[in-house]
Amino acid sequence: MRIVYMGTPDFAVPPLQKLCENGHRVELVVTQPDKARDRGKKVQFTPVKEKALEYGIEVLQPEKIKGNEEFIARIKAIDPDAIIVAAYGKLLPVELLQIPRRGCINIHASLLPKYRGAAPIHRSVINGEEKTGVTLMYMEEGLDTGDMIAARSTKIGRKTTAELHDELAVMGADLLIRTLPGIETGISGRTEQDDSMATYAPMISKADELVDFSKTPEEVERLIRGLNSWPGAYAMYKGERMKLWEAEALDEKANKPDGTITDVSKNGIKVAAGGRILLLKRIQLPGKKAMDVSEYLVGNKIETGEVLGRSETA
RNA sequence: CGCGGGGUGGAGCAGCUGGUAGCUCGUUGGGCUCAUAACCCAAAGGUCUAGGGUUCAAAUCCCUACCCCGCAA
């Protein structure tokens with residue numbers, strides 16, 4: 001198939017790679033503009049751009065697509081069989097969606113119609129879902145509302161968002177390659193999404209990242225796991241942000257107010273949460289790298305009775 | 001030129017109102033013990049990120065470079 005590929009972050013790399021390896025003709029790759037990151041003064045290419053350049057595929061990075069006559073004309077000129085989209089990062093206008101004869105196909109990292117939107121993996125982990133997956137769908141005007149073509153699921157278990165992210169990226173790529181022949185010949189079906197079952201997974205905000213110790217240890221642990229490895233959950237400790245990377249909910253009663261540190265040892269830091277105990281195992285303080293609690297305690301002190309809080313100023 | 005923190009023995013830190021380096025852990029050897037992530041004794045291990053400068057003398061002050069990290073995007 002002759003394909004235009006649109007994607008930006010790491011998640012979108014495996015599908016692109018699989019397409020190339022399986023003999024599909026990727027005529028053009030579209031990705032977000034390079035962001036000028038000042039720290040280190042380096043302009044970083046998007047992961048998809050890096051991969052595209054590896055294969056010698058032309059890359060386009062339009063600031064905006066809607067109303068961009070030149071860009072639309074360019075796509076029309078290529079006249080692709082399909083446009084495949086994976087985490088491109090922006091909504092696509094209808095005028096673009098209508099171009100390819102086999103449609104625009106999106107890889108979404110959830111089991112639609114649940115978790116439409118920007119942060120499906122994060123939200124799935126945080127909410128304690130048993131399983132998640134990837135769904136292939138035809139794109140239409142709405143956000144992740146199009147007809148579904150195929151899906152595959154996986155158990156979440158104790159996996160972090162980072163682990164699921166990588167797993168789903170590969171899973172999505174495989175699913176795409178397997179499904180594409182059917183799409184090309186027109187024999188693959190399409191299933192409408194049941195809108196009444198739909199849920200929305202909004203982007204993670206700063207407020208989402210701040211741990212609330214009034215919640216149960218299980219809930220807090222899921223938040224920490226769901227925000228690993230990006231952007232990370234945190235709590236305030238002595239006026240600084242302590243990022244929390246790994247924790248475990250313990251079946252112990254706490255007799256101190258939520259947020260109080262009840263024990264510090266090589267095994268970790270015990271904190272009261274929701275009347276019970278959460279064991280923090282891996283943490284990170286500003287300017288430092290992430291480290292296991294046992295490692296952190298060598299050279300630093302954390303005392304029983306100190307408090308992890310929500311206040312930015314305390 | 002967005003803001004800020006930092007680069008010191010294998011790991012985490014202290015030292016930074018200048019006089020060639022210290023702590024905790026780990027490692028190695030020995031001891032003790034029924035036993036232990038226990039305890040005791042001893043040892044090895046550092047061009048203090050790199051390059052300049054100031055000075056009788058710099059890890060410590062100044063400049064430059066590189067790298068890491070937090071925030072903001």
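Only heavy atoms go into these numbers, but all of them, side chains included; no hydrogens, no water, no symmetry mates. Here is the naming used below: chain letters follow the sequence lines, and residue numbers restart at 1 for every chain. Please read all numbers here as calculations on a predicted model, not as lab measurements.
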Taking C23(B) as the reference, what is the distance to G15(B) when you measure between their C1' atoms (whole Å, please)? 10 Å

With C1' as the reference atom in both, quote the distance from C25(B) to C62(B) in angstrom, rounded to an integer. 36 Å

request  = Quote, to the nearest angstrom, the P distance that separates G5(B) from C48(B).
outcome  = 24 Å

Rounded to whole angstrom, note down the C1' distance from A58(B) over to G52(B). 14 Å

Inset, instruction - Return no unless some side-chain N or O of Lys289(A) is found under 4.0 Å from OP1 or OP2 of G12(B). - result: yes

- Query: Mind checking the C1' distance from A14(B) to A21(B)? Whole angstroms is fine.
  - Reply: 10 Å

query: For Lys90(A), does the NZ atom sit with more than 12 other heavy atoms under 6.0 Å from it, leaving out its own atoms?
result: yes

Look at Lys206(A) and A72(B) and indicate whether a side-chain polar atom (N or O) is within less than 4.0 Å of OP1 or OP2.
yes

Note to self: I'd like the P distance from C32(B) over to G70(B), given in whole Å.
What the structure shows: 49 Å

In Watson-Crick or G-U wobble terms, with both distances under 3.5 Å, the base opposite G9(B) is none

Closest of C13(B), C25(B), C71(B) to the Arg241(A) side chain is C71(B)

Leu210(A) CG to C71(B) C1', in whole Å, measures 15 Å

Which of A37(B), C69(B), A11(B) is nearest the side chain of Lys266(A)? It is A37(B)

query = Just to confirm, is there a sub-4.0 Å distance from OP1 or OP2 of C71(B) to any side-chain nitrogen or oxygen of Lys243(A)?
reply = yes

From OH of Tyr234(A) across to C1' of C71(B) the rounded distance in Å is 11 Å

To the nearest angstrom, the NZ-P distance between Lys238(A) and G70(B) comes to 21 Å

Inset, instruction - For nucleotides A37(B) and U27(B), find the distance between their C1' atoms and express it as a whole number of Å. - result: 15 Å

Are Arg74(A) and Glu58(A) close enough for a salt bridge, meaning some N to O gap below 4.0 Å? yes

Of the listed C13(B), A11(B), G70(B), the closest approach to the Glu295(A) side chain comes from A11(B)

Separation of C71(B) atom C1' from Met242(A) atom CE, nearest Å, is 18 Å

If you measure from the C1' atom in G51(B) to the same atom in A11(B), how many Å do you get, rounded? 28 Å

When rounded to whole Å, the OH to C1' distance for the pair Tyr296(A) and G26(B) reads 19 Å

Item to complete: Check every strand shown and say whether Asp292(A) touches a base, only sugar-phosphate, or nothing at a heavy-atom separation below 4.0 Å.
Response: nothing

Apply side chain to side chain donor-acceptor pair (under 3.5 Å) to Asp292(A) and Ser294(A), showing your working.
-> CA-CA 5 Å; Asp292(A) 291 333; Ser294(A) 58; 5.0 Å; no

Pairing partner of C61(B), by Watson-Crick or G-U wobble and under 3.5 Å for both distances, is G53(B)

